[in-house]
There are 2 protein chains.
Amino acid sequence: MGDKRRPAAKGKTPATIYDIARITGVNPSTVSRALNQPGRVSASTEQRIREAAADLGYRTNPMARALPTGKTGTLGLLVSDLTNPVYFDLVRGAERIAREHDTMLIFADSQESPELERSTAERLQIAVDGLLLVASRLEDAQIQELAAAKPIVAVNRPVPGVPSVAPDVQPGMVESLDLLHGLGHRRIAYLAGPEASWMNGMKWVTAHDLAVDRGMSIVEIQSSAPTREGGTEAFADVMAADVTAVLAYNDLIALGLIGACQQHGVAVPRDLSLIGFDDIFGADLSAPALSTVRCSWGDMGSRAVSKLLGAIEGDASGAELNLPTEFVSRASVAAPGR
Amino acid sequence: MGDKRRPAAKGKTPATIYDIARITGVNPSTVSRALNQPGRVSASTEQRIREAAADLGYRTNPMARALPTGKTGTLGLLVSDLTNPVYFDLVRGAERIAREHDTMLIFADSQESPELERSTAERLQIAVDGLLLVASRLEDAQIQELAAAKPIVAVNRPVPGVPSVAPDVQPGMVESLDLLHGLGHRRIAYLAGPEASWMNGMKWVTAHDLAVDRGMSIVEIQSSAPTREGGTEAFADVMAADVTAVLAYNDLIALGLIGACQQHGVAVPRDLSLIGFDDIFGADLSAPALSTVRCSWGDMGSRAVSKLLGAIEGDASGAELNLPTEFVSRASVAAPGR
DNA sequence: CATTCTCATGGAATCGTTTCCATGACGGAA
DNA sequence: TTCCGTCATGGAAACGATTCCATGAGAATG
């Protein structure tokens with residue numbers, strides 16, 4: 001009675017609803033109903049079918065289901081750079097909610113390249129029910145185009161007409177600048193992230209306006225990359241700017257800069273105060289520990305997945321969702337030394 | 001001529017080979033051949049078909065392909081805890097190779113729970129061509145059972161009869177113990193990880209044997225979890241053990257312990273030398289920077305994926321692959337203070 | 001010139017599920 | 001008792017791609 005087509009090379013073929021149907025003596029369609037639409041089938045047959053299914057270790061084949069329904073039960077998560085520790089919490093939060101909804105996450109990285117991001121998004125989109133675009137470097141129009149095909153939620157960046165989840169940098173920034181101002185800082189710098197990043201622009205504008213409001217001078221310093229190396233390399237420019245405090249685009253850059261300061265004998269926070277962004281793993285490890293603005297990436301991940309699942313169900317709800325940020329005080333900030 | 005069944009709610013239906021067939025006036029089977037088996041179709045028709053496909057923005061539907069072929073073009077990656085920074089590099093390495101082979105990665109986390117790991121692995125297995133089991137907490141027999149259904153590669157742990165990729169802790173440990181011995185340490189401790197972890201046992205046995213060889217005493221100290229908290233909580237037990245150096249199961253635990261030492265006024269490395277494991281992001285940030293044993297998780301990830309892809313193709317090759325480790329010298333190790 | 005072989009292509013079955021439609025049994029209302 | 005609505009179930013057509021088999025047109029061979 002052996003299977004005559006498969007060479008039985010690896011593993012026996014998994015059980016199908018036909019196997020269950022044969023055993024219980026019903027039609028495959030009845031099996032499908034029994035398993036997916038409780039109540040549509042008489043209690044006794046449903047019982048028998050469930051038992052047989054359990055016996056055979058039956059699992060629905062997601063590919064086969066996807067064909068007629070168009071639903072794959074998976075979501076795509078596309079980030080700009082997997083190496084960045086910020087994404088850990090995001091992924092974790094997303095994964096939690098996804099699991100709760102029996103949904104799998106497919107995972108990809110665009111290596112900070114818009115072209116790669118676009119092609120990956122397109123390929124990914126066929127295989128998933130919806131896409132999470134994190135810190136996208138694409139243009140609004142491109143994202144809107146993708147969103148026309150399948151539901152998309154943008155994370156860490158708003159896109160007109162597309163649902164999004166992003167931190168509201170305002171509160172954390174206000175706290176930061178109030179603190180710096182109160183301590184006596186008057187000349188500060190913003191150490192920038194990638195130019196293509198919407199969030200970078202947002203942070204700069206916010207910091208700028210808040211600083212001006214408080215009568216402080218502020219300059220923007222470019223960095224080569226939003227990484228520790230980028231921060232290290234920016235050291236010279238920061239020194240040249242003659243400021244007493246630096247707000248960094250993210251913690252990685254700030255940590256790189258702290259390292260460079262240490263190496264060059266610049267005392268943090270006496271000679272230079274430093275504030276990062278994100279509160280990533282490790283921000284509290286550095287010497288001195290890094291003050292930072294925290295936005296809950298875990299929350300962002302879970303909210304974004306919820307929103308996306310909603311959009312897939314047809315909830316045209318949620319335009320833009322903003323999550324609050326807060327200042328986290330650690331040792332890298334103090335009154336200016338002189 | 002509009003599509004009469006779909007409510008056109010979201011996005012137009014993607015193009016299929018039938019659309020291409022209709023446009024070019026050939027049979028769908030010819031389209032399939034033209035696209036997948038170059039040379040099997042006359043050059044001119046292939047040309048026309050490719051053009052039509054490009055025009056329509058055709059992408060092959062992976063679900064539809066998976067049904068007859070049984071190949072989904074995806075791999076599953078199951079780790080014990082996504083929060084652990086060690087997995088950054090692993091995921092990144094895995095992702096790189098996967099991309100090169102036009103393969104997607106599906107991603108899941110078992111939250112250090114063997115039951116959850118088992119059920120997740122089973123669910124995942126249906127949707128993928130092969131599974132990467134990282135730091136599995138399952139028993140050998142369970143893994144072998146899973147491996148009977150579809151190809152599996154175990155990472156960070158060998159399993160009899162199942163291909164695996166794991167670090168060879170020996171070289172890094174030898175360097176560590178030679179260094180400690182040379183500096184004059186005679187009483188050391190091993191700060192353990194999860195009991196269910198094969199790797200934990202491996203590290204303890206190796207450290208133990210090497211220490212004994214060198215005439216040093218060594219004790220095993222339990223930790224509550226392989227996290228920074230676990231390391232912090234182990235502080236009292238470490239102090240009680242009256243040792244001059246500690247080898248930790250991983251960097252997280254070591255970093256937790258460093259923090260606790262700082263807080264309790266125990267000077268590292270003067271009063272206590274510390275060596276971690278993994279060289280995770282942040283290991284060089286702590287004060288003092290953490291000496292550690294590095295195994296290239298990025299390599300492990302890419303090797304594991306290669307091996308898995310090979311196994312899927314039928315290469316029954318690779319049994320067990322071990323990657324070397326090396327000691328990374330930083331500031332947390334010195335001669336004992338007294 | 002007849003025969004065989006090759007090659008491009010058409011036709012149809014198949015993968016596992018879902019879902020629409022059909023059918024027959026049964027119960028209750030008239 | 002008859003008729004109709006309800007309900008459980010069977011039957012069959014999708015979904016999109018692959019692949020085996022069939023077919024017919026030429027080319028090659030004697």
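Just so we're on the same page: letters track the sequence lines, and every chain starts at 1.
In the model, A:S113 has no side-chain atom that pairs as donor or acceptor with a side-chain atom of A:S110 under 3.5 Å. Residues A:S42 and A:T45 bring a donor and an acceptor atom of their side chains to less than 3.5 Å of each other.
Aromatic ring pairs are classed by plane angle as parallel below 30°, tilted from 30° to 60° and perpendicular above 60°; the pair A:F107 and B:F107 is parallel.
Helix-axis bend for the helix from C:dC1-D:dG30 to C:dA30-D:dT1: the local axis fitted to the five terminal pairs at one end deviates from that at the other end by 50°, rounded to 10°.
Between the side chain of B:T120 and the backbone N or O of B:R118, no donor-acceptor pair lies under 3.5 Å.
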Every protein N/O within reach of nucleotides 19-27 of chain D N/O, cut-off under 3.5 Å:
residue	atom	partner	partner atom	Å
D:dC20	N4	B:R33	NH1	3.4

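Residues in residues 53-68 of chain B take part in these side chain to side chain donor-acceptor pair (under 3.5 Å) pairs, two or more places apart or across chains: B:N36-B:R65.
Of the candidates A:E117, A:E112, A:E115, A:Q142, A:E112 is the only one forming a side chain to side chain donor-acceptor pair (under 3.5 Å) with A:R137.
Listed by residue number, B:G25, B:V26 are the residues of residues 14-26 of chain B with a heavy-atom contact under 4.0 Å to DNA chain C. Across residues 56-66 of chain A, A:Y58, A:R59, A:T60, A:N61, A:A64, A:R65 each have a non-hydrogen atom less than 4.0 Å from an atom of DNA chain C (numbered order).
In this structure, the salt bridge (Lys or Arg N to Asp or Glu O under 4.0 Å) partners of A:R22, at least two apart in sequence or on a different chain, are A:D19.
Around CD of B:E100, the count of heavy atoms belonging to other residues, nucleotides or ligands within 6.0 Å exceeds 12.
The shortest non-hydrogen separation linking B:N156 to B:P167 is OD1-CD, 3.3 Å.
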